[in-house]
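Report on the following structure.
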Amino acid sequence: MDRIAGIINLDHEQDLLDELTYFRCGAAVPFGGRYRMIDFAISNMANSRIESIAVFARRKYRSLMDHLEQGKAWDLDRRSGGLFILPPDWNDPTDISRGDLQHFHNNMDFINRARADYILVSGSQNICNINFQDVLEEHKATNADVTVIYKDVDELYPEHRLAHKLSIDEQNRVLDIHNDQKNTKVYMDMYLVEKNYMNELIEASIAHGHSHFFLEGIKGRLQEMNVHAYEYKGTHALVNSIESYFRNSRKLLDREEHDGLFKEDSPILTKVKNEAPAKYLQDSDVKNTLVANGCLIHGHVEDSILFRGVKIGKGAVVKNSIIMQRCEVEDNAVLENVIIDKDCKITGGRTFIGAPEKPYVLAKRKSM
Amino acid sequence: MKQKECVAMLLAGGQGTRLKSLTKQIAKPAVYFGGKYRIIDFPLSNCTNSGIDTVGVLTQYEPLILNDYIGIGSSWDLDRKFGGVSVLPPYMQADGGDWYKGTANAIYRNIKFLNQYEPEHVLILSGDHIYKMDYEEMLDYHKTTEADATISVLEVPWADASRFGIMNTNESGRIVDFDEKPAYPLNNLASMGVYIFKWDVLKQYLIEDEQDPNSSHDFGKDIIPAFLNDQKRMMAYTFKGYWKDVGTVDSLWEANMDLLSENPELNLNDYSWQIYSKNPNQPAQYIAPTAYVRNALINEGCRIHGTVDTSVIFYGVHMEDSALVKDSVIMPNVKIGKNVKIYRSLIAEGSVIEDNTVIGNPEPDSDITLHAEEGSVMATNYAVTN
């Protein structure tokens, strides 16, 4: 078996989720009732037998590190390999690398030491359930220098505007990577490359004074190399705005979408919390909702997602909303089209109603 | 020199025949409880929360699942360099081997394990009770009263007293007499099966008891009467709070139902005294538009399309449209088909209930039905063999 090592590159990812990224990076944003965005990238790697994973973190990574610990939740607390969180602190006066190339350059040790022949690089904004061993197989079969992964989406949403698209020929060779707003082949910010070749690419990019490894080192040299496009056909969500976060979260209430993401043979894993099972009281009324453990529900909840340890008071009504960890919605409060970050408290009788297409967002630890 | 003040010994070898087919393939302490736990989570979590970091778990009957579940103890923070949790099955010695003959014999045969830690005190626990207890408080009481042995007791309803070991104490709390299941109890202080002994004293008695051919090598029947006989200083420590022996199908069902009251005596959401368990990584539970859920505990990984009323549902349970679960406990990964009706039942792990099946008796106060691989049976249809 050929071994793959993983890099989760958060270096170039911007914190676009407004209130949800005030205090944390996008990768650490809670998603799907009990996960963080980064859980999908790590679980996909772990399920694809990637045993060495580096996380390139740049900013607001306190909660990210707290979440990842030593990688125990993904079985990555290993003697050799495992999970490495690599923040950007490095003071080498001779270092001329810039941008995310700095991260690659400064962590060549990780790449060189990893017991792997291939490197899979991924971001954290593309939510999916993918097997990277399948990608490697196709990579080898097509003799590619680099394999990039894309999703051919049924419908283009605003979040796709920010993503790169691929133009490919009949052999799935990438001809161009661009921002054409009509192209539905959305690049998923994931690529696979042979380790030694990657080393060369990094060196060459730095020598040319580049600052962004993928955009300049790979996209900029498409003509010179064989870049192959791998099509991912499963459930996919790109989350890079509040609007896309809200819409894609609620997509999980659809059985097919849900099952496409949460599979028994390739489960999405996350840090374990010791919460009791969710408790529904006498007068509770819950419909079409995802509920995590530790919740105490007296009131009415529909078309919503409740994270762990949420309390919904008597007579409270929650519709079409996302309520994060340990929030308290007191008696008779009414919430509709809202996203409430962790540890918030909505006092009794209050009403907050956002627009269905633009939810009202409440930042962490607010009391209203 | 390193040593531990107090080491816990958890008796987890019991077969639990009164739990019928639930314990056909697993030891009683591994039986499921409360939507996500196993019974043994309670004493193990109590140990961790009480600051006791060295626990020997004595196993014997069907240990596979129990061993696997305990692992290196990381679920309870008991993966320690010195101490932590050790699983202690019976073993062979130069002069042969034998099963544990009784609770006292089980401890006797692990004297070497205990000697490693040179403990001053030994805490003896059983693995079949549901309760939250600070053993440290009991240990403090044991130390301040300079007891040779301290037995934790609680006040049970007088009507039930004859089912328990009853302690008769003097004004200072010293135990003067012990009646095992007395027909006419003199008081209602029942033993909870939680003991703390001075280790050097207990060790002596265990060695003597082992040499007594007439002994049944049991704490309740032999060791404690011997302590009393010799007028050793034995104190009763009164525990206040929820405690339940879940040794029968009825009591296991009842203890699950107890969790459903609005403010249950046993609070599982108390962050200052968490009950830890091995967590299967499952997505959040899905409550469908067709579902109706009230008065229930439901765990992650469930999909509920039907009606759940006054029930406890473990992880991975899938329930189809127009199914009804009422006054029941559904153990992990059970699949419940369309139009199924389940009343007053315990459904064992992994059961598949086909469409249109009806299980259990909806009449209030009727017997609890246990449904396992062999099919459903009324709790009382089994002869009580224990």
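So you know, we letter chains A, B, ... as the sequences are listed, proteins then strands, and number each from 1. Only a predicted model underlies this, so the values are computations on that prediction, with no experimental measurement involved.
Ranked by non-hydrogen atom pairs under 4.5 Å with chain B, the options A:Gly309, A:Ala292, A:Gly32 are led by A:Ala292. By number of non-hydrogen pairs under 4.5 angstrom with chain B, the leading residue of A:Val272, A:Asp283, A:Ile305 is A:Val272. Of the listed residues (A:Asn274, A:Leu269, A:Leu252, A:Thr270), the greatest number of heavy-atom pairs within a distance under 4.5 Å of chain B belongs to A:Asn274. Options B:Ala288, B:Pro289, B:Ser75 differ in how many heavy-atom pairs under 4.5 Å they form with chain A, and the most are formed by B:Pro289. Most heavy-atom pairs under 4.5 Å with chain B: of the set A:Glu264, A:Arg255, A:Gln282, A:Glu275, this distinction falls to A:Gln282. Of the listed residues B:Arg303, B:Gln285, B:His305, B:Arg294, the one with more heavy-atom pairs under 4.5 angstrom with chain A than any other is B:Gln285.
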| said: With salt bridge (charged side-chain N to carboxylate O under 4.0 Å, His left out) as the criterion, how do B:Glu262 and A:Lys314 come out once you've worked through the C-alpha distance, each side chain's angles and the decisive distance to 0.1 Å? | reply: CA-CA 12 Å; B:Glu262 188 160 344; A:Lys314 287 197 172 93; 3.0 Å; yes

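Among the residues in residues 29-43 of chain B, those with a non-hydrogen atom closer than 4.5 angstrom to a non-hydrogen atom of chain A are B:Gly34, B:Gly35, B:Lys36, B:Tyr37. Residues of residues 268-280 of chain B that come within less than 4.5 angstrom of chain A, heavy atom to heavy atom, are B:Leu268, B:Asn269, B:Tyr271, B:Gln274, B:Ile275, B:Tyr276, B:Ser277, B:Asn279, B:Pro280 in numerical order.
For the atom pair CD of A:Glu336 and CD1 of A:Ile353, the computed distance is 5.0 Å after rounding to the nearest 0.5 Å. Taking CG of B:Leu22 as the reference point, atom CD1 of B:Ile347 lies at 10.0 Å (rounded to 0.5 Å).
For the residue pair B:Ser74 and B:Asp79, no side-chain donor N or O sits within less than 3.5 Å of a side-chain acceptor on the partner. Residues A:Asn293 and B:Asn299 have side chains that bring a donor and an acceptor to within less than 3.5 angstrom of each other. Neither side chain, A:Asn320 nor A:Asp303, offers a donor N or O lying under 3.5 Å from an acceptor on the other.
Pairs of residues two or more places apart, or lying in two chains, that qualify as side chain to side chain donor-acceptor pair (under 3.5 Å) and include a residue from residues 71-85 of chain A are A:Ser43-A:Trp74. Here salt bridge (Lys or Arg N to Asp or Glu O under 4.0 Å) pairs that include residues 327-346 of chain B, with residues two or more places apart or in two chains, number zero.
Ring centroid separation for the pair B:Tyr343 and B:Trp253 does not come in under the 6.0 Å cut-off. For A:Tyr35 and A:Phe262, the distance between ring centers is under 6.0 angstrom.
Note: A:Tyr245 and A:Phe31 have perpendicular aromatic rings, judged against thresholds of 30 and 60 degrees for the angle between ring planes.
The neighbour count for A:Gln70 CD, taken as heavy atoms of other residues, nucleotides or ligands under 6.0 Å away, does not exceed 12. Under a cut-off of 6.0 angstrom, the local environment of NZ in A:Lys311 is sparse, with at most 12 non-hydrogen atoms contributed by other residues, nucleotides or ligands.
In this structure, no portion of B:Ile313 lies under 4.5 Å from any heavy atom of chain A. Both the backbone and the side chain of A:Leu290 have a heavy atom closer than 4.5 Å to some heavy atom of chain B.
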